[in-house]
Enquirer: 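Sharing a structure with you now.
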Amino acid sequence: MSSFPVTRLRRLRRTGALRDLVRETSLSLDDLVMPLFVAPEALPNERLPGLVRHTVDSLVRECDELVSLGITAVLLFGIPEEKDEEGSGAWVEDGIVQQALRELRPRFPELLLLTDVCLCEYTSHGHCGVLVDGEVDNDASLDLIARTAVSHVEAGADAVCPSDMMDGRVAAIREQLPQAPVIAYSAKYASAFYGPFRDVAGSAPSHGDRRGYQMDPGNVREALRECELDVAEGADMIMVKPALPYLDVVRAVRDRFDLPLGAYNVSGEYAMVKAAAAAGDLDERAAAVETLTSIRRAGADIVFTYWAKELAQWRS
Ligand code: PBG
C-alpha cells in the first residue's frame, strides 16, 4: 500500500463530495458567455444548435429561456439585410444589433449584453475593415469600428468586444466611449476553426484571407505584445481566440496580466465535438465539460461558448 499523499488523495476522491471539495478548477454558468446571432431572417441549424440565426423576436424568446436557465451573459452578432463596401449596417441606428439591443435592454435588465464589434459580417467583401486599393486599410477602419461601438452602447450594450484586430481600435473606441467597458479580442489568431461561424454569419472573405490582421498561429510572444497594447489603450478585459489550440497562450496571458481574461471556444471547436458525438465516437456532454474545464484551468476567467445553453440544460 502506498503512503504517498497524492495516492491517498486519489483514493479519497472516489467519493463525490471530496472530489468536489479538492477540485482546483470550477466550471459555473457564471463564467460562461453565450454567443447569439441575429438577422432579418431566421436560419435554423440542426447539426449545430448553438449556431442558429435568430430574428429579433426569436432572440427575445431565446434570451427569456437563457435567463430562466441561469445564463448571465450573451454576446450578440448581427447579420444585416444587405452588405456594402463599408459595412454601414454595423453602425446605422436601425441596424440589426441596435434593434435587438433596444428590444432586449428593457426586458432583461439583469442580463449582460455584450456585442461583437467588427465589420466583417457587414461588408460585401467579408473583411474586418474597409478596403483601400483592394487591401484592408487599418487607419481608415478605426473610425467605423469606433462608430459601431458607440451605436451599440447607445442602443443598450453593457460592453463592447472589438474583434477586428485593427491596430489602435481600442484607443479609438476609448476616445469615443470613455466610460464603456471594452473587452478586447487581443490575441485573435488567423484560424481554420472559424469555419462554421463564417457560414452562419456569411462573413468568409470573398478574396484573400485575414492573415494581414489576425495573428500567426506560431506566435505566442506576439500575443503578449498585442495584449500589452490593448491594455495600454484602455481595454478592461482581454481575450484569446480560439481557445483549445491556444491554451498555452491563455496561460501565458494569464501569468502576465492582471485583467480579467476571456477565451473564445470557437465554432470549429464546438463543431468538432458535435461531429464526433454524432458519429458515436465520444460522449458530447463529458467532452464539452472537459473542454470548458481545460480552458478555465489554462487561466481563462470567462469562456465564450456555444455550449453555454446546452450546459445549462444538462444541469437543470
Ligand atoms: C468577427 C468574428 C469571428 C468570430 C468571432 N468574431 C470570425 C472571424 O474572425 O472570421 C469567430 C467565432 C467563431 O468561430 O465561433 N471578426
Side-chain angles (χ1 to χ4, degrees), residues 29 32-83 87-123 126 148-149 151-161 163 183 194-204 264-271 274 288 303-314 316:
L29 292 186
L32 306 183
V33 178
M34 177 76 194
L36 295 169
F37 299 87
V38 59
E41 274 182 55
L43 184 68
N45 190 340
E46 293 285 314
R47 220 163 31 83
L48 300 171
L51 288 141
V52 300
R53 283 187 198 178
H54 288 283
T55 59
V56 173
D57 284 349
S58 76
L59 184 72
V60 170
R61 289 195 296 276
E62 180 72 5
C63 287
D64 215 17
E65 202 185 333
L66 291 174
V67 168
S68 64
L69 283 166
I71 299 289
T72 57
V74 298
L75 171 67
L76 299 181
F77 290 94
I79 300 114
E81 181 110 58
E82 277 180 38
K83 305 188 186 228
S88 63
W91 65 80
V92 288
E93 173 138 14
D94 63 347
I96 188 77
V97 166
Q98 291 79 355
Q99 288 177 38
L101 286 166
R102 286 199 190 89
E103 292 297 320
L104 296 175
R105 184 70 292 163
R107 283 187 172 82
F108 305 103
E110 298 294 318
L111 181 64
L112 200 62
L113 299 175
L114 313 179
T115 58
D116 188 88
V117 174
C118 194
L119 301 182
C120 68
E121 297 96 356
Y122 303 90
T123 50
T148 302
S151 75
H152 289 176
V153 169
E154 282 175 350
D158 290 298
V160 290
C161 313
S163 71
I183 302 174
Y194 305 146
F197 172 97
R198 290 181 185 172
D199 272 350
V200 177
S203 66
Y264 200 134
N265 173 231
V266 301
S267 57
E269 300 173 41
Y270 174 73
K274 284 270 177 202
V303 186
F304 293 73
T305 176
Y306 302 96
W307 268 305
K309 181 182 181 186
E310 289 155 291
L311 204 75
Q313 286 169 327
W314 292 329
S316 63

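Keep in mind the model is a prediction, meaning the values are calculated, not measured. Every heavy atom of this structure was used, including side-chain atoms; hydrogens, water molecules and symmetry mates were not.
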Enquirer: Taking all atoms of both residues into account, what is the closest heavy-atom pair of V38 and I96, and its distance?
Expert: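 So the minimum-distance heavy-atom pair works out to O-CG1, 3.7 Å.
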Enquirer: Search all heavy atoms of Q98 against all heavy atoms of H152 and return the closest pair with its distance.
Expert: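 Where Q98 meets H152 most closely, the heavy atoms are NE2-CD2, 3.6 Å.
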Enquirer: For the CZ atom of R53 and the OG atom of S58, what is their distance to the nearest 0.5 Å?
Expert: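 Interatomic distance, R53 CZ to S58 OG, rounded to 0.5 Å: 12.0 Å.
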Enquirer: Kindly indicate, with the supporting measurements, whether the criterion side chain to side chain contact (heavy atoms under 4.5 Å, CB included) is fulfilled by L111 and L104.
Expert: CA-CA 9 Å; L111 181 64; L104 296 175; 5.8 Å; no
Enquirer: Any side-chain heavy atom of R198 sitting closer than 4.5 Å to one from C120?
Expert: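 Sidechains of C120 and R198: no contact.
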Enquirer: Evaluate the criterion side chain to side chain contact (heavy atoms under 4.5 Å, CB included) for residue pair L43 and E41; output intermediate values, then yes/no.
Expert: CA-CA 7 Å; L43 184 68; E41 274 182 55; over 6 Å; no
Enquirer: Kindly compute the distance separating CD (Q99) from CG (L59), expressed to the nearest 0.5 Å.
Expert: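 That separation rounds to 11.0 Å.
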Enquirer: Set out, in order, the CA-CA distance, both residues' side-chain angles and the distance that settles side chain to side chain contact (heavy atoms under 4.5 Å, CB included) for V117 and W91, then state yes or no.
Expert: CA-CA 10 Å; V117 174; W91 65 80; over 6 Å; no
Enquirer: If you round to the nearest 0.5 Å, how far is NZ of K309 from CG of L311?
Expert: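 Between L311 CG and K309 NZ, I get 13.0 Å after rounding to 0.5 Å.
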Enquirer: So which atom in A90 and which in S151 form the shortest heavy-atom distance, rounded to 0.1 Å?
Expert: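 That would be O-OG, 3.9 Å.
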Enquirer: Do you know which two heavy atoms are closest between G202 and K83, and how far apart they sit?
Expert: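 Where G202 meets K83 most closely, the heavy atoms are O-NZ, 2.8 Å.
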Enquirer: Side chain to side chain contact (heavy atoms under 4.5 Å, CB included) for V266 and F304? Distances and angles first, verdict last.
Expert: CA-CA 8 Å; V266 301; F304 293 73; over 6 Å; no
Enquirer: Is a side-chain donor or acceptor of R105 paired with a backbone partner of F108 at a separation under 3.5 angstrom?
Expert: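 Flag set: sc R105 to bb F108 pair under 3.5 Å.
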Enquirer: Does N265 reach the main-chain N or O of T305 with its side chain, forming a donor-acceptor pair under 3.5 Å?
Expert: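 No; zero donor-acceptor contacts below 3.5 Å.
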Enquirer: Looking only at heavy atoms, which two atoms of D116 and L75 are closest? And how far apart?
Expert: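 The pair with the smallest heavy-atom distance is N-CD1, 3.5 Å.
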Enquirer: To the nearest 0.5 angstrom, please state how far the CG atom of L66 sits from the CD1 atom of I71.
Expert: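 Between L66 CG and I71 CD1, I get 5.5 Å after rounding to 0.5 Å.
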Enquirer: Checking the side chain of D158 only, and the main-chain atoms of L114 only, is there a donor and an acceptor separated by less than 3.5 Å?
Expert: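 Pair absent, no side-chain N/O of D158 close to backbone of L114.
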Enquirer: Restricting to non-hydrogen atoms, name the atom on I183 and the atom on A159 that form the minimum distance, rounded to 0.1 Å.
Expert: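 Closest heavy-atom pair between I183 and A159: CD1-CB, 4.1 Å.
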Enquirer: Can you confirm whether E82 is buried at CD, in the sense that more than 12 heavy atoms of other residues, nucleotides or ligands lie under 6.0 Å from that atom?
Expert: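 Not more than 12 within 6.0 Å, no.
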Enquirer: To the nearest 0.5 Å, how far apart are CD in Q313 and CD in E65?
Expert: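 Interatomic distance, Q313 CD to E65 CD, rounded to 0.5 Å: 6.0 Å.
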Enquirer: Testing F197, Y264, Y306 one by one against Y270 for a ring-ring contact (aromatic ring centres under 6.0 Å, His included), which residue passes?
Expert: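 Per the ring-ring contact (aromatic ring centres under 6.0 Å, His included) rule, the option paired with Y270 is Y306, out of F197, Y264, Y306.
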Enquirer: Drop me the distance from C63's SG to L69's CG, to the nearest 0.5 angstrom.
Expert: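 Spacing of SG (C63) from CG (L69) equals 11.5 Å.
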